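In this text the structure is predicted, and so the values were computed from the model without any measurement.
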Amino acid sequence: MDEQALLGLNPNADSDFRQRALAYFEQLKISPDAWQVCAEALAQRTYSDDHIKFFCFQVLEHQVKYKYSDLTTVQQQLIRETLISWLQTQMLNPHPEKTFIRNKAAQVFALLFVTEYLTKWPKFFFDILSVVDLNPRGVDLYLRILMAIDSELVDRDVVHTSEAKFLRNTLIKDTMREQCIPNLVESWYQILQNYQYNNSEVTCQCLEVVGYVSWIDLSLIANDRFINMLLGHMSVEVLREEACDCLFEIVNKGMDPVDKMKLVESLCQVLQAAGFFNIDQEEDVDFLARFSKLVNGMGQSLIVSWTKLIKNGDIKNAQEALQAVETKVALMLQLLIHEDDDISSNIIGFCYDYLHILKQLTVLSDQQKANVEAIMLAVMKKLTYDEEYNFENEGEDEAMFVEYRKQLKLLLDRLAQVSPELLLASVRRVFSSTLQNWQTTRFMEVEVAIRLLYMLAEALPLSHGAHFSGDVSKASALQDMMRTLVTSGVSSYQHTSVTLEFFETVVRYEKFFTVEPQHIPCVLMAFLDHRGLRHSNAKVRSRTAYLFSRFVKSLNKQMNPFIEDILNRIQDLLELSPPENGYQSLLSSDDQLFIYETAGVLIVNSEYPAERKQALMRNLLTPLMEKFKILLEKLMLAQDEERQASLADCLNHAVGFASRTSKAFSNKQTVKQCGCSEVYLDCLQTFLPALSCPLQKDVLRSGVRTFLHRMIICLEEEVLPFIPSASEHMLKDCEAKDLQEFIPLINQITAKFKIQVSPFLQQMFMPLLHAIFEVLLRPAEENDQSAALEKQMLRRSYFAFLQTVTGSGMSEVIANQGAENVERVLVTVIQGAVEYPDPIAQKTCFIILSKLVELWGGKDGPVGFADFVYKHIVPACFLAPLKQTFDLADAQTVLALSECAVTLKTIHLKRGPECVQYLQQEYLPLQVAPEIIQEFCQALQQPDAKVFKNYLKVFFQRAKP
């Protein structure tokens with residue numbers, strides 16, 4: 001071994017040594033006999049350094065995992081002997097190996113096991129057990145090996161991808177069940193009995209291994225001697241968590257419903273007798289979290305039994321199962337209401353399923369009604385934030401509480417299904433009493449009261465949020481609560497969580513304001529003042545900006561009296577804050593987008609005449625245009641790159657804001673009808689010069705391009721005069737990404753205006769193609785993944801462009817480029833269909849080809865196109881699917897093949913019998929047997945295209961080796 005390189009394995013070694021060690025490891029992985037050196041070093045204990053031992057196991061692991069079949073029988077035998085002799089030395093070692101070495105050794109044993117057990121090493125476990133016996137070090141390794149084998153065979157966290165692996169694992173488990181599982185189970189019992197009082201680490205490990213129960217015969221474990229031992233462990237502090245998990249695995253195992261019910265009931269009796277149900281006397285929350293998971297498993301198992309028995313018509317036993325469930329509800333409630341959220345969270349599944357049973361019963365008993373109410377109160381209490389929740393700096397604990405709240409929401413929804421009246425009454429009671437005294441109530445109680453009202457919107461099922469019509473009692477209850485919410489003054493509560501909940505709820509129930517519009521002014525004021533958009537907290541301001549825009553949009557018919565007032569009040573929030581003034585604006589640029597959109601919506605949906613709308617829109621957009629011109633001049637003169645970047649960002653925001661105002665227009669309220677065309681044309685003229693700015697091209701082009709996309713929709717043909725010069729600028733000094741983003745703009749114009757833009761397209765067709773080809777032909781590093789991906793995406797965009805041109809009935813754009821250019825374009829489409837292993841691009845290419853055949857493939861098509869069909873298109877339809885990379889099991893590839901079939905059908909449609917004759921006499925005889933040619937041509941001539949598509953898939957599946 002290279003001793004110098006081995007020095008680099010030490011974590012404290014300097015980077016040169018570490019690099020050398022890594023290179024050495026790679027070298028040993030390739031070397032055919034390096035594993036032998038490592039095996040010898042391990043068997044003879046050549047090295048005492050832990051990192052070198054670990055390294056040797058890594059080399060062996062690589063050999064067993066990837067190159068085992070390359071070894072001779074003798075060499076394979078040597079690996080087996082090495083591992084067994086290493087195991088024997090562990091029995092005599094004065095000190096055990098470090099945990100990371102033991103785990104790595106166990107992984108190597110497990111890999112060897114799955115490779116050899118079915119063929120060369122059926123006595124694997126017996127050999128290991130004969131070495132380790134009951135030696136504590138040996139037992140530790142034996143248990144680690146079992147856990148590693150479990151990971152290889154059934155680990156739920158690892159996706160065992162291949163079918164072959166899955167079948168192998170199933171066969172190994174079946175063989176183990178037949179040959180050695182009873183012996184293994186016996187060894188676990190002996191280990192537990194031997195070490196339960198004097199070695200908690202080994203005992204806990206063994207209890208974890210008993211989790212094998214998920215795939216072995218349950219009766220081997222679920223019997224008196226095992227269960228009694230496990231129940232004994234439940235009273236031993238250091239063992240009880242693992243014992244709990246072990247019992248959970250046993251309870252979770254699928255079995256006959258009546259047997260499962262008996263097993264769970266007998267477990268419960270013993271646990272109850274031993275005092276485990278007295279939750280309030282237990283202080284160890286970690287244990288209680290495990291115990292809660294166990295109770296959840298027992299409860300859910302009983303419910304599964306009940307469901308199966310009902311399905312089987314066994315009413316007597318089903319009744320017993322339901323009775324068994326009911327007797328656990330008191331314990332479930334204790335765990336659900338526990339102050340520790342982990343303990344509570346672990347029981348939610350049982351709770352949810354219990355409510356599902358109640359939902360199916362026609363009549364509820366008084367006790368069941370009381371249970372529903374108790375669950376409801378528990379949920380309401382547990383939804384409440386605690387004192388420690390950090391609103392300013394939310395970390396992992398806060399994220400976990402948010403997830404826990406989502407689980408509670410599901411319970412609340414389920415409660416609503418069982419008893420909507422009870423839920424509504426309970427929420428109303430809590431809400432009313434809290435909001436009566438909100439000034440003297442703690443924030444978390446006020447927040448949860450409003451939160452509950454908010455949650456009712458989803459919990460009580462309604463079509464399209466019509467909460468204030470239909471069922472009168474429900475509508476009036478919700479109306480009462482909403483009235484209280486907006487008139488109580490609670491929007492002034494000094495806590496961000498209450499403020500946000502207020503605005504969220506107001507927007508969730510916006511239909512309330514159509515019923516009682518008199519409350520709109522006070523809610524608008526809350527949005528616009530220090531409670532909302534001018535709140536001292538940035539998070540509140542940001543969320544309010546979004547909610548305000550939703551509120552205004554949904555109530556646009558009610559907004560007319562307030563429009564001018566709102567526009568005046570938000571004036572300062574629309575300021576474009578240039579980078580140099582150092583002024584920290586209240587809203588981020590992302591938040592300002594919502595304010596601009598809101599302003600646009602107010603103006604466009606107002607009842608003002610067109611002149612007034614135009615004036616207001618001009619007031620909104622003129623400051624942006626003026627700032628834009630000044631900032632663009634500054635950018636042209638800026639020297640410092642950081643300053644250039646911040647100026648470009650600011651320019652981009654200005655364009656983005658103008659874009660966003662246009663979202664207010666619709667088919668009914670078009671730009672023309674509102675008299676706003678001129679304003680947006682002015683914007684266009686202001687923004688387009690940014691395209692010729694040589695600095696910060698990416699940012700500026702991206703913004704202007706987005707604006708053009710919007711204007712094509714809003715201004716329609718009025719935008720056309722600006723497109724040629726904009727395109728010319730955007731095609732200068734292009735990168736792949738620029739082109740990729742530019743092509744959708746051209747596609748949009750082509751698809752929308754079709755023949756109107758034909759002259760423009762003909763003029764810019766070849767310049768665009770030259771720019772694309774130039775980027776695609778640029779040399780790149782062989783393994784530069786991102787460059788390869790960029791080219792692939794550009795290629796797709798290029799083909800999408802050709803598809804748009806041909807699909808919009810504009811094939812003359814291509815035809816008028818001169819014969820040489822036309823051929824060049826057609827050849828690139830053939831290459832796209834055949835040579836690049838990208839099914840998305842291939843599909844597009846076949847769509848283009850079939851469209852061109854449809855347009856040009858008849859008798860009056862362009863000169864030479866018929867030849868091209870037979871020389872290039874027909875062969876492409878066979879060559880592409882025959883490629884190794886054309887994977888017929890992949891959904892995208894199947895779509896590409898489907899378009900390939902359409903292409904062949906179109907050729908047959910346009911060329912008739914001549915096409916069949918060509919296939920029969922010239923093309924196919926070179927590749928295929930006569931009877932298959934006959935079959936192929938018959939399928940092609942079928943009138944139903946689907947028949948041919950299905951046939952083609954089978955044809956290529958047969959043809960591929």
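- A salt bridge links Arg612 with Glu564: the closest approach of a Lys/Arg side-chain nitrogen to an acidic carboxylate oxygen falls below 4.0 angstrom.
- Using a 4.0 Å cut-off between charged nitrogen and carboxylate oxygen, Glu741 and Arg705 count as a salt-bridge pair.
- For Gln417, the side-chain hydrogen bond (donor to acceptor under 3.5 Å, both in side chains) criterion is met by Arg414, not counting sequence neighbours.
- The pair Glu394-Lys539 counts as a salt bridge, with a side-chain nitrogen and a carboxylate oxygen less than 4.0 angstrom apart.
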Distance-only donor-acceptor hits, side chain of residues 615-626, under 3.5 Å, sequence neighbours excluded:
from	atom 1	to	atom 2	distance (Å)
Arg618	NH1	Asp682	OD2	3.0
Arg618	NH2	Asp682	OD2	3.1
Thr622	OG1	Arg618	O	2.6

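- Because its NZ or CZ atom is both nearer than 6.0 Å to the ring centre of Phe594 and within 45° of the ring axis, Arg660 counts as a cation-pi partner of that residue.
- Every side-chain hydrogen bond (donor to acceptor under 3.5 Å, both in side chains) that Glu504 has, sequence neighbours left out, goes to Arg543.
- Taking the six-membered ring where the residue is Trp, His519 and Phe512 present parallel rings, their angle staying beneath 30° rather than reaching 60°.
- Looking at Glu716 and Lys752, a side-chain N of the basic residue comes within less than 4.0 Å of a carboxylate O on the acidic one, giving a salt bridge.
- Ring centers of Phe628 and Phe657: at least 6.0 Å apart, outside the cut-off.
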Counting only pairs under 3.5 Å, give me each side-chain donor-acceptor contact of residues 422-431, with atom names and distances, residues two or more places apart or in other chains.
from	atom 1	to	atom 2	distance (Å)
Ser426	OG	Leu422	O	2.8
Arg428	NH2	Asp480	OD2	2.4

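- Scored by the side-chain hydrogen bond (donor to acceptor under 3.5 Å, both in side chains) test, Tyr404 finds Ser344 as partners (sequence neighbours excluded).
- A salt bridge does not link Arg405 with Asp341: every distance from a Lys NZ or Arg NE/NH1/NH2 to an Asp or Glu carboxylate oxygen is 4.0 Å or more.
- Residues forming a side-chain hydrogen bond (donor to acceptor under 3.5 Å, both in side chains) with Glu396 (at least two apart in sequence, or on another chain): none.
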